2 protein chains.
Amino acid sequence: MDEPTRYDEKLGEILRQSATIFADRGFHQASVRDISAETGVSLSGLYYYFKSKEELLFLIQQHCFESLLVQVAAGLEGAVGPEARLRTLIEIHLGFFVANMPEMKVLSHEADALAGEYAARVLGLKRDYVALVRGCVEPLLPPDTSLDARTATFALFGQMNWIYNWYRPSRDPDAAGLARQMADLFIAGLHGARGSAADDAADDGSDEEKRALDVAPGALGAGGAL
Amino acid sequence: MDEPTRYDEKLGEILRQSATIFADRGFHQASVRDISAETGVSLSGLYYYFKSKEELLFLIQQHCFESLLVQVAAGLEGAVGPEARLRTLIEIHLGFFVANMPEMKVLSHEADALAGEYAARVLGLKRDYVALVRGCVEPLLPPDTSLDARTATFALFGQMNWIYNWYRPSRDPDAAGLARQMADLFIAGLHGARGSAADDAADDGSDEEKRALDVAPGALGAGGAL
DNA sequence: GGCGCGGTCGGACGTTCGTCCGAAGCCGAG
DNA sequence: CTCGGCTTCGGACGAACGTCCGACCGCGCC
């Protein structure tokens with residue numbers, strides 16, 4: 001438990017500010033020169049802290065993801081019972097997301113920007129986390145449900161991770177309120193979703209059309225370019 | 001209702017293939033030269049069909065979004081009753097998403113890539129669509145719920161739009177099955193989520209920590225770079 | 001047969017990008 | 001004061017990018 005060195009502190013600062021820039025402009029759109037301007041570190045000086053732009057992104061994602069995993073694991077220790085575990089997980093995930101919005105946006109939105117070893121390492125963390133969440137969802141699936149665990153798990157991820165597209169702290173509930181609402185919604189959904197596959201064949205039978213893009217692009221030109 | 005000209009057909013083909021490339025590599029990462037190679041049209045020849053790469057993205061997004069709006073509006077005409085309307089909307093949205101995954105991924109994932117007039121036009125369509133979906137969600141909110149309509153609406157969007165991150169046709173249910181599961185989950189969630197704000201103050205009182213990134217970046221270095 | 005035009009193309013221009021090299025600055029230890 | 005290492009920097013390099021210019025081609029129409 002050494003005190004962090006000046007190097008560690010400066011690297012942390014660079015990661016923080018870079019995450020904000022990547023969140024705002026997008027990873028590929030943001031240039032290392034942007035980061036240089038924002039941090040005050042010269043262009044070449046940055047390369048003392050990371051050896052490529054891709055490694056910088058990896059460090060942000062790894063740091064963020066590992067912190068999330070640590071916090072979730074710690075929070076789950078005090079939660080007993082399937083529902084309390086899932087509620088706790090949702091609460092911590094959303095709390096972390098809201099408290100570290102730039103990093104989490106970068107983690108969610110730039111998942112495909114890494115390749116090779118970097119991508120493999122982050123993917124490993126992601127798989128662990130998905131398995132952990134799925135482990136919290138599965139015990140709450142009713143025995144007779146037609147809902148499958150994978151779909152339910154990713155539906156929950158979608159609910160939670162989509163927030164970077166719409167959440168504004170000034171108009172929306174705080175993290176705790178958000179977590180309660182989403183937990184209520186999802187858990188009630190799990191409990192209530194016991195529709196068997198048999199009884200829904202009646203609701204529409206003939207409606208099996210392809211939903212392709214069928215409007216000719218030219219027809220849109222009427223609306224006008226720019 | 002003129003038959004589409006060769007120009008329209010070729011533009012449509014370019015939009016389709018470009019959408020696939022943008023979905024795979026990302027908008028800023030994909031180059032116009034990539035599109036040239038994929039379509040077989042020369043680099044400069046492409047600029048006969050769009051006047052900038054940004055306009056190309058706009059055309060893809062506009063075309064896709066307008067088709068979606070048309071299909072949803074058409075589907076909603078035959079649906080009576082609040083629950084049937086929401087189920088229909090989910091079914092058509094997911095059906096369209098799965099049938100046009102590249103375009104919808106580009107629409108969802110590259111929302112910030114446009115600026116100026118292009119961004120304003122797509123944003124207008126988006127606002128209309130959000131209002132439409134919200135209008136389908138709101139009638140199903142129980143009168144005594146503490147769930148607010150905005151959060152519920154975006155939770156539904158998150159469930160549905162997140163699928164481009166995980167959905168694989170070979171292992172997951174088809175669009176109809178996906179729609180039924182998500183509709184069951186979300187609608188049961190709405191019906192069941194009538195927790196009043198009063199009774200949840202007991203479940204945790206002291207747990208009000210900040211969930212900041214508190215692990216020093218140096219500590220992660222032990223795991224090792226690359 | 002010649003004209004005009006919608007469609008296509010090779011090749012280039014200027015800009016911006018990520019990265020790197022060699023030198024300089026800083027500061028605690030001796 | 002001097003030394004040596006960590007840290008920082010200006011400036012440059014080659015590659016890749018989006019875009020554009022001027023020429024060419026094929027084909028229906030007078």
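Here is how names work: the chains are called A, B, and so on, in the same order as the sequence lines, proteins then strands, and each is numbered from 1. In this text the structure is predicted, and so the values were computed from the model without any measurement.
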Between P on C:dC17 and CD on B:Gln29, what's the gap in Å once rounded to a whole number? 14 Å

How many Å lie between OH on B:Tyr48 and P on D:dG18, as a whole number? 22 Å

With a 4.0 Å cutoff (strictly under), does any side-chain N or O of A:Lys51 reach OP1 or OP2 of C:dC20? no

Can you tell me how far the NE2 atom of B:His109 sits from the NE2 atom of A:His109, to the nearest 0.5 Å? 4.0 Å

Whole Å only: how far is the CZ atom of A:Arg6 from the P atom of D:dT7? 10 Å

Cation over ring, B:Lys10 on B:Tyr48, under 6.0 Å and within 45°? no

Across the strands shown, which category fits A:Phe50 at heavy-atom distances under 4.0 angstrom: base, sugar-phosphate, nothing? nothing

d(CD, A:Glu55; P, C:dT19) in whole Å: 10 Å

B:Lys53 NZ to C:dT16 C1', straight-line distance once rounded to whole Å: 13 Å

Atom OG1 of B:Thr20 and atom CZ of B:Arg16: how far apart are they, to the nearest 0.5 Å? 6.0 Å

Check the pair A:Phe186 / B:Leu185 against side chain to side chain contact (heavy atoms under 4.5 Å, CB included), numbers first and verdict last. CA-CA 7 Å; A:Phe186 185 73; B:Leu185 186 64; 3.8 Å; yes

Tell me what B:Arg33 touches on the nucleic acid: a base, only sugar-phosphate, or nothing, going by heavy atoms under 4.0 Å. base

Starting from the C-alpha separation in whole Å, work towards a yes-or-no answer on side chain to side chain contact (heavy atoms under 4.5 Å, CB included) for B:Leu15 and B:Tyr49. CA-CA 10 Å; B:Leu15 294 188; B:Tyr49 290 93; over 6 Å; no

Test: A:Asp112 and B:Lys105 ion pair at under 4.0 Å: yes

On the nucleotide D:dT8, are OP1 or OP2 found under 4.0 Å from the side-chain N or O atoms that A:Lys10 carries? yes

I need the OH-P distance between A:Tyr49 and C:dT19, as an integer number of Å. 18 Å

Run the ring-centre check on B:His28 versus B:Phe22 and record whether the distance is less than 6.0 Å. no

Would you tabulate the pairs of protein nitrogen or oxygen atoms and nucleotide nitrogen or oxygen atoms of nucleotides 25-27 of chain C closer than 3.5 angstrom?
none

Would A:Asp34 and A:Arg25 count as a side chain to side chain contact (heavy atoms under 4.5 Å, CB included) here? Give the steps. CA-CA 10 Å; A:Asp34 291 334; A:Arg25 271 169 272 208; 3.6 Å; yes

Go through the steps for A:Trp166 and A:Asp172 under the test side chain to side chain contact (heavy atoms under 4.5 Å, CB included), then give the verdict. CA-CA 9 Å; A:Trp166 60 272; A:Asp172 289 306; 3.7 Å; yes

Interatomic distance where OH belongs to A:Tyr7 and P belongs to D:dG5 [whole Å]: 18 Å

For DNA chain C, which residues of residues 39-47 of chain B approach it to below 4.0 angstrom with any heavy atom? B:Val41, B:Ser42, B:Ser44, B:Gly45

Ring centroid separation for B:Tyr47 and B:Phe50, is it under 6.0 angstrom? yes

Can you tell me how far apart CZ (A:Phe157) and OG (A:Ser108) are? Round to the nearest 0.5 Å. 9.5 Å

Return the CD1 to CE distance between A:Ile163 and A:Met104, rounded to the nearest 0.5 Å. 8.0 Å

Whole-Å distance, A:Leu56 CG to C:dT19 P, equals 10 Å

May I ask you to list the residues of residues 109-116 of chain A, by number, that have any heavy atom positioned under 4.0 Å from an atom of DNA chain C? none

